[in-house]
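Scroll down for the structure; my scribbles are underneath it.
Remember, predicted model here, so these are calculated numbers, not experimental data.
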Amino acid sequence: MHRAKSVIAVLLSGALVLPVFAQTQSYTLEDGHGLVYSLTHPYRPHPVSQVSFDDSPRIEKLMRAGVIYLSLRDAIALALENNLDIESARYSPKLALADLQRASAGQLIRNISTNISQGPNSASLGVLSGATQVNSAGASSSSGGTGGVLSGFAGSSIPNTEPYFYIAGGFNHSTSIETSTQFTGTPFLVQQYKNLTYGVQQGFWTGTTVSMGLSSVFGYNQNATTALFNPINTGSLSLSITQNLLNGFGLAVNKRAYHKARNNLRSNDLTFQAQVIATVSNVVNLYYDLVTFNEDLRVSQETLRLDTQLYEDTKKRADLGALAPIDIIQSEADVKSAQQDVVQRESQLLQQEMILKSVLTRNGLDNSTIALARVVPTDHIDVPEQEPVIPIQDLVSDAMAHRIEIEQNQIALENARLDLLGTKNNLLPNLSFSANLSNAGQGGTLNPGVQVPVIGADGKTIVGYRPLGPQDVSSLIIGGYGTVLSQIFARNFPNYSFQLQLTVPIRNKANQADQITNELQYRQQQISDKQLHNNIKLAVMNDWTSQRNSRAAYDTAVAARKLADETLTGSRRKYELGSATILDVVIATRDDTARRLSEVDALNQLQHARTSLQRDLGKILDTYSVDLEGAMSGTVKRPADPIPVILQQPNGIPRDK
């Protein structure tokens with residue numbers, strides 16, 4: 001019964017120690033239940049879902065007879081659901097959340113990669129364009145941090161706020177040869193005991209470190225005949241508090257890594273948004289380039305049709321002797337040139353379709369059905385009668401209000417200020433105050449082998465010896481481990497000490513260098529912020545000018561194409577009447593084709609200028625109604641657009657009605 005009480009007392013004292021300094025903050029999802037799980041949860045790896053490389057079902061809904069009928073809205077939706085750059089960017093906020101959890105425990109934060117992929121470029125027209133596009137499909141990304149590396153740290157140390165529980169126990173047996181039996185009563189001293197030490201320690205954001213522990217010795221037994229107690233139990237409960245008073249003092253200084261982690265959490269949300277903006281802009285450009293390449297192919301096919309018709313007419317006239325054989329050769333050469341141009345345009349179109357499918361799918365190029373499917377854009381570039389007139393100062397104000405880079409730069413400035421706060425504090429000397437409080441206890445069983453003298457009536461004469469009894473010692477010490485604990489908690493034997501410790505670096509060169517470095521880096525960050533504002537203004541002004549020039553170039557191209565159409569019509573009519581040569585028709589045809597291609601290219605350049613302006617204004621997501629929540633989840637709620645009624649064109653390419 002007495003032993004059971006001792007065990008219960010040990011457990012109760014441990015229960016008192018364990019929850020004293022517990023501070024936990026969970027940033028992970030629970031994935032188990034039960035007592036065993038609750039106890040072992042901090043030591044289990046947290047499961048992370050696997051990456052899915054399956055495409056969303058939207059693309060299947062857009063296919064019919066091996067053709068993908070794609071609107072711009074569906075192209076953007078497919079990119080939000082399947083694009084791997086966006087999928088990779090979805091991990092940035094999760095990594096920042098894990099970093100915040102790490103910082104909440106008083107640990108250094110880790111650098112997280114914040115690369116933004118700009119996406120692939122459109123296909124080029126030329127013999128080697130295929131190889132070029134293969135090599136550039138994953139290019140164009142901005143630089144960022146290196147994942148998995150602790151961030152550079154300078155300044156006063158950050159307290160570890162993670163509570164630690166420690167426990168140690170053991171058994172000891174020793175034998176010592178004694179040169180004299182006067183003090184021990186034996187020529188060799190045999191001792192054995194069991195020991196147990198446990199406690200908890202934690203640091204706080206205030207720069208305080210607190211530790212509490214209980215050290216115990218059980219059943220200390222020895223063969224010494226002179227020992228009053230055998231066996232004996234001892235214990236000591238100690239509380240230690242250390243507080244930094246200069247270096248490492250204060251919430252702002254000690255929580256700077258935590259505040260940086262919170263800032264980075266917002267910054268990584270903005271990084272994800274920046275990736276969505278980059279991908280949407282890339283998809284818009286790729287889509288309208290595909291529309292342009294389709295129009296280029298139609299122009300080339302129409303030119304081939306006209307050249308073929310001219311060749312047949314020329315051949316008939318030559319057979320009748322109305323034309324010289326050289327005219328047939330000239331006409332045939334134009335047909336061959338037009339055929340080559342059609343082949344190049346078809347190749348460019350196929351490359352563009354593959355590039356677009358690689359952006360809109362995860363494994364589309366591995367799926368033969370999708371890889372071989374043709375892509376037919378159902379939207380076209382619309383040109384208003386007149387471009388809206390918006391003052392340039394209003395555009396600049398919009399950009400300053402919507403560009404996420406401005407907020408990211410402000411976060412970077414705040415993080416630089418936090419780093420500077422730590423290095424300034426580290427210039428101070430180390431001054432700490434410590435308090436140590438402890439309560440000791442001891443209890444044992446009287447050694448029956450110890451004899452004490454019996455004093456006679458005169459108070460001096462020893463008349464005999466008797467066994468050691470309770471009346472010969474303090475009653476507080478007699479008992480088992482329960483007696484030890486009762487003495488500890490009753491504070492029968494208290495001990496305490498207080499101490500101030502000052503450490504002053506004589507030169508402090510390293511800390512001064514750190515402070516100067518952070519001060520200079522903060523100034524550089526301020527310069528970068530100013531440069532960003534200037535660059536945004538310049539980009540908006542350039543986009544505004546580019547859009548005006550592109551619209552003027554498009555209007556000019558339309559007028560020039562109309563003139564070329566009329567010239568070609570007149571030349572063919574004159575040729576039929578015999579007042580013009582075949583060379584006149586060839587030249588007019590070439591000029592008309594060039595003007596038509598120039599018009600298509602000017603229209604594409606106008607659309608690119610619009611997209612660039614929308615992106616630099618920070619409003620492209622609003623322009624195309626992009627839902628960031630859907631982008632983050634990878635599921636766009638809007639259903640796929642219905643497939644339009646298709647008309648078969650003479651060139652064999654389907655076109656919406």
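- For the residue pair S238/S236, the side-chain donor-acceptor check at 3.5 Å is not satisfied.
- Using modelled atom types and a 3.5 Å distance limit, the side chains of Q525 and Q521 yield no donor-acceptor pair.
- At least one donor-acceptor pair under 3.5 Å links the side chain of N254 to the backbone N or O of W205.
- A 4.5 Å side-chain heavy-atom check between M212 and Q201 finds every atom pair outside the cut-off.
- Side chain of R102 to backbone of L108: a donor-acceptor contact under 3.5 angstrom is found.
- Contact between G219 and N233 at its shortest, heavy atoms only, is N-OD1, 2.7 Å.
- Side-chain polar atoms of T423 and D514 form no donor-acceptor pair below 3.5 angstrom.
- Side-chain contact between S88 and I86 is absent, with no heavy-atom pair separated by less than 4.5 Å.
- Remark: the N264 side chain and the N415 side chain contain an N/O donor-acceptor pair separated by less than 3.5 Å.
- The distance from the CG atom of N282 to the CD1 atom of I76 is 11.5 Å, given to the nearest 0.5 Å.
- Looking at R615, its side chain never comes within 3.5 Å of a backbone N or O of R610 through a donor-acceptor pair.
- Here the closest heavy-atom approach between residue T611 and residue Y624 is recorded as OG1-OH, 4.4 Å.
- Between the side chain of N83 and the backbone N or O of V359, at least one donor-acceptor pair lies under 3.5 Å.
- Annotation for A261 and I109: closest pair CB-CG2, 3.9 Å, computed over non-hydrogen atoms.
- Distance alone, capped at 3.5 Å, places no donor-acceptor pair between the D529 side chain and the Q410 backbone.
- With hydrogens and angles ignored, the 3.5 Å screen pairs a side-chain donor or acceptor of Q487 with a backbone N or O of Q442.
- Side chain of Q275 to main chain of S117: a donor-acceptor pair is present (N/O by atom type, distance under 3.5 Å, no hydrogens or angles).
- Atom CG in L251 sits 6.5 Å away from atom OG1 in T206 (nearest 0.5 Å).
- For the atom pair CG of L100 and CZ of R262, the computed distance is 6.0 Å after rounding to the nearest 0.5 Å.
- Other residues, nucleotides and ligands contribute at most 12 non-hydrogen atoms within 6.0 Å of the CD atom of E629.
- In this structure T271 satisfies the side chain to side chain donor-acceptor pair (under 3.5 Å) test together with Q408, sequence neighbours excluded.
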Review point. Step by step, would you call E407 with I404 a side chain to side chain contact (heavy atoms under 4.5 Å, CB included)?
Key: CA-CA 5 Å; E407 185 177 353; I404 62 175; 5.6 Å; no
Exercise for review: List the steps, then state whether side-chain hydrogen bond (donor to acceptor under 3.5 Å, both in side chains) holds for T361 with N82.
Suggested key: CA-CA 5 Å; T361 61; N82 300 321; over 6 Å; no
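- Between the CG atom of L420 and the CG atom of L413 there is a distance of 12.0 Å, given to the nearest 0.5 Å.
- Using a 4.5 Å heavy-atom cutoff, the side chains of D543 and Q547 are not in contact.
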Practice item. Evaluate the criterion side chain to side chain contact (heavy atoms under 4.5 Å, CB included) for residue pair L360 and V283; output intermediate values, then yes/no. Key: CA-CA 8 Å; L360 303 185; V283 169; 4.1 Å; yes
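- Contact detail for I158 and G106: the closest heavy-atom pair is CG2-O, 3.8 Å.
- Annotation for S215 and T197: closest pair OG-CG2, 3.5 Å, computed over non-hydrogen atoms.
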Determine all donor-acceptor pairs shorter than 3.5 Å in which one atom belongs to a side chain in residues 492-500; sequence neighbours excluded.
unit_1	atom_1	unit_2	atom_2	d
N495	ND2	F493	O	3.4

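- Between L395 and I392 there is a side-chain heavy-atom pair separated by less than 4.5 Å.
- A salt bridge links D419 with K260: at least one charged nitrogen is closer than 4.0 Å to a carboxylate oxygen.
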Exercise for review: Start with the C-alpha distance between N518 and Y522, add both sets of side-chain angles, then the distance that settles side chain to side chain contact (heavy atoms under 4.5 Å, CB included), and finish with yes or no.
Suggested key: CA-CA 6 Å; N518 283 102; Y522 183 72; over 6 Å; no
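- With contacts defined as side-chain heavy-atom distances shorter than 4.5 Å, the pair S56/L78 qualifies.
- A heavy-atom distance below 4.5 Å is found between the side chains of F171 and H173.
- Put simply, the side chain of I241 does not reach to within 4.5 Å of the side chain of T209, judged on heavy atoms.
- Side chains of D85 and T279: a donor-acceptor N/O pair is absent below 3.5 angstrom, by distance only.
- Side-chain rings of F218 and Y481 approach one another, their centers coming within less than 6.0 Å.
- A salt bridge links K619 to D398: at least one charged side-chain nitrogen sits closer than 4.0 Å to a carboxylate oxygen.
- The main-chain N or O of A631 is found under 3.5 Å from a side-chain atom of R90 such that the two form a donor-acceptor pair.
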Review point. side-chain hydrogen bond (donor to acceptor under 3.5 Å, both in side chains) between N430 and N244: does it pass, once the steps are laid out?
Key: CA-CA 7 Å; N430 290 294; N244 293 325; over 6 Å; no
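- Under a 3.5 Å cut-off, the side chain of S397 and the backbone N or O of Q393 do form a donor-acceptor pair.
- By the 4.5 Å heavy-atom criterion applied to side chains, I277 and L621 are counted as neighbours.
- Expressed to the nearest 0.5 Å, how far CG of L356 lies from OG of S122 amounts to 9.0 Å.
- Residue F204 comes nearest to P159 through the heavy atom pair O-CG, 3.3 Å, listed as atom of the first residue, atom of the second, then distance.
- Screening residues 43-56 for salt bridge (charged side-chain N to carboxylate O under 4.0 Å, His left out) gives no qualifying pairs among residues at least two apart or on separate chains.
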Point to revise | Stepwise side chain to side chain contact (heavy atoms under 4.5 Å, CB included) check, L97 with N268 | key: CA-CA 9 Å; L97 192 61; N268 279 270; over 6 Å; no
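- Taken from CZ in R403 to CG in N409, the straight-line distance is 11.0 Å, to the nearest 0.5 Å.
- Of the possible polar contacts, none joining the N195 side chain to the G169 backbone as a donor-acceptor pair under 3.5 Å is found.
- Counting only residues at least two apart or in different chains, side-chain hydrogen bond (donor to acceptor under 3.5 Å, both in side chains) contacts with residues 531-540 are absent.
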Scan the side chains in residues 431-438 for donor-acceptor partners under 3.5 Å anywhere in the protein, sequence neighbours excluded, and list what turns up.
unit_1	atom_1	unit_2	atom_2	d
N436	OD1	S240	OG	3.0

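- Checked against side chain to side chain contact (heavy atoms under 4.5 Å, CB included), P505 has the following partners two or more places apart in sequence or in another chain: N508.
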